[in-house]
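A short worksheet on the structure shown next.
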Amino acid sequence: MHTKTVYPVSTFGGELRVPGDKSVSQRIAMLAALAKGTSEVSGFLRGEDAMSTMSAMCSLGASAKFEGDILKITGTGGKFKEPANPLDMGNSGTGTRLLAGLLAGQKMTVTMTGDASLSRRPMGRIKTPLELMGAQIELTGEKGTLPMTVRGTPLRGIRYELPMASAQVKSCVLLAGLFAEGKTTVIEPRPTRDHTEKLFQTLGIPLHIDGLEISLNGFGPNGPQITARRLTVPGDFSSAAFWIAAVAARPGAELIVRGVGLNPRRTALLDVLKRMGALIKTEIVEDHGDPIGTVFVRGAKLRGTEIGGDEIPNLIDELPMLAVTGALANGDTVIRDAAELRVKESDRIAVTAEHLRAFGVDVKEHADGMTVRGPAKLHAPPEPLASHGDHRITMSMAMLATFADAPVKLEQVECVATSYPDFWNHLEQLGGKVE
Ligand code: S3P
């Protein structure tokens, strides 16, 4: 078990680039594995989730190797081979749920397993629509959880209203829809990240988007014919978010993040921080597929705000860090409509609230969120903080630790490698102190 001690610092900031986007890297791993030929991918995340998904695709017949910063992925042209062993999806919910969709219509049987955190996460949410399409999905875990066995069958298109705002479920159904006969339509209750749709469009797969309804015509059991190409993964906004929020809440601090993805379905954190009084500017540098650009931040005294409704899916992974920011701001920060947080890598409502309380912060937990009162006098917790196997919990608490009155111990920090292996180096690069 790895432990880190994070020291309080009086200032913090500088300039950096964050690693590649986790959601985009995993979608590219799957679609490049489906394509014919060798795709050249720049910026692919060398984090565990993306690597688990890439190696699952290699077990299905693709091959991949890094040449410098470029990941060359040679696809199967749609002819996947049945893997000899169960696919170990590690910690990756995105990999597992999207791959289930991709495999549901293939002529083969595949089992997926995962780590302790992933094995607690609900998979019934993808089983339901996939079975409506005719798929055979078996969840052998205790409560609709992994291990999952997908027995490929012919699929038919469906019209499916998502019961929750989930880009993973949406993407799973769209991927299965590619191999179905007829039209597949998903209807979202709120807009969620649209990387799958954008990549389909980049790869020439026709898609019809009408507000919250997304439709495609299935290609039948052979799937679409897509060809390899050059693809760029933007820097992960959710990784940049830790630095952006921590600098925004520190009067006098300054930060520049370059090469970061600025897809509006991912950046609602910036709107919330601005509402809290943050000084933030963005500049789009490249704009094909996902926009990529620079974020400039100057620290200020922040005030609490209310976060809910349509904003939630577009900052879902930033909510632990927003709760931390709430503890640094003046007044109450109220998070609502975020019950989905309870089924992430950990129960992020319970764990965030528990950890904030350990720092002495006044937090009220709600079924669908929390209220955080700031500004808190932050005391280093007497006991080390457990990660619960959740990378974003560890990184959010590391940020709060830089504001505490004494060094803070964090336990089981190896999970950070899921999305951000360079996190501790970057923390030091920006003036933090870690042991
Ligand atoms: C993701 C979607 C979100 C997000 C997760 C990645 C994706 O999950 O929390 O980290 O890549 O589609 P849900 O779709 O389950 O909300």
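We count ligands from 1, going down the list as the structure has it; atoms in each ligand are counted the same way. Note that the structure is a prediction, hence the values are computed from the model and not measured.
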Identified side-chain contact (heavy atoms from CB on, under 4.5 Å) counterpart of T109 within the set T149, V150, L103: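 Only match with T109 under side-chain contact (heavy atoms from CB on, under 4.5 Å): T149.
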Taking T333 for its side chain and V372 for its backbone only, find out whether a donor-acceptor pair lies under 3.5 Å.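 Here the side-chain-to-backbone pair does not exist.
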Any side-chain to backbone donor/acceptor pair from T371 onto V334? Under 3.5 Å, distance only.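 No.
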Lys/Arg-Asp/Glu bridge criterion (N-O < 4.0 Å) met for [X], [Y]:
{"X": "R348", "Y": "D390", "value": "yes"}
{"X": "R266", "Y": "D21", "value": "yes"}
{"X": "E181", "Y": "R156", "value": "no"}
{"X": "R258", "Y": "E15", "value": "yes"}
{"X": "E345", "Y": "R392", "value": "no"}

Would you check the N or O atoms of [X], main chain and side chain alike, for any that come under 3.5 Å of an N or O of ligand 1?
{"X": "A167", "result": "yes"}
{"X": "T94", "result": "yes"}
{"X": "E345", "result": "no"}
{"X": "S23", "result": "yes"}

Out of all atoms in ligand 1, which are within 4.0 Å of some heavy atom of S166? Include the element for each.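 Once the distances to S166 are compared, the set is 13 (P), 14 (O), 15 (O), 16 (O).
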Please identify which atoms of ligand 1 are closer than 4.0 Å to at least one heavy atom of I316.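 Those atoms are 9 (O).
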Check Q26 against ligand 1 and report side chain, backbone, both or neither, counting heavy atoms closer than 4.0 Å.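 No part of Q26 is near ligand 1 at this cut-off.
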Checking contacts here: is it the side chain or the backbone of M164 that comes within 4.0 Å of ligand 1, counting heavy atoms only? Could be both or neither.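 It is neither; nothing of M164 touches ligand 1.
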Tell me the protein heavy atom at minimum distance from [atom], and give that distance in Å.
{"atom": "atom 1 (C) of ligand 1", "answer": "Q168 NE2, 3.5 Å"}
{"atom": "atom 16 (O) of ligand 1", "answer": "K344 NZ, 3.0 Å"}
{"atom": "atom 12 (O) of ligand 1", "answer": "R27 NH2, 2.6 Å"}
{"atom": "atom 10 (O) of ligand 1", "answer": "D317 OD2, 2.7 Å"}

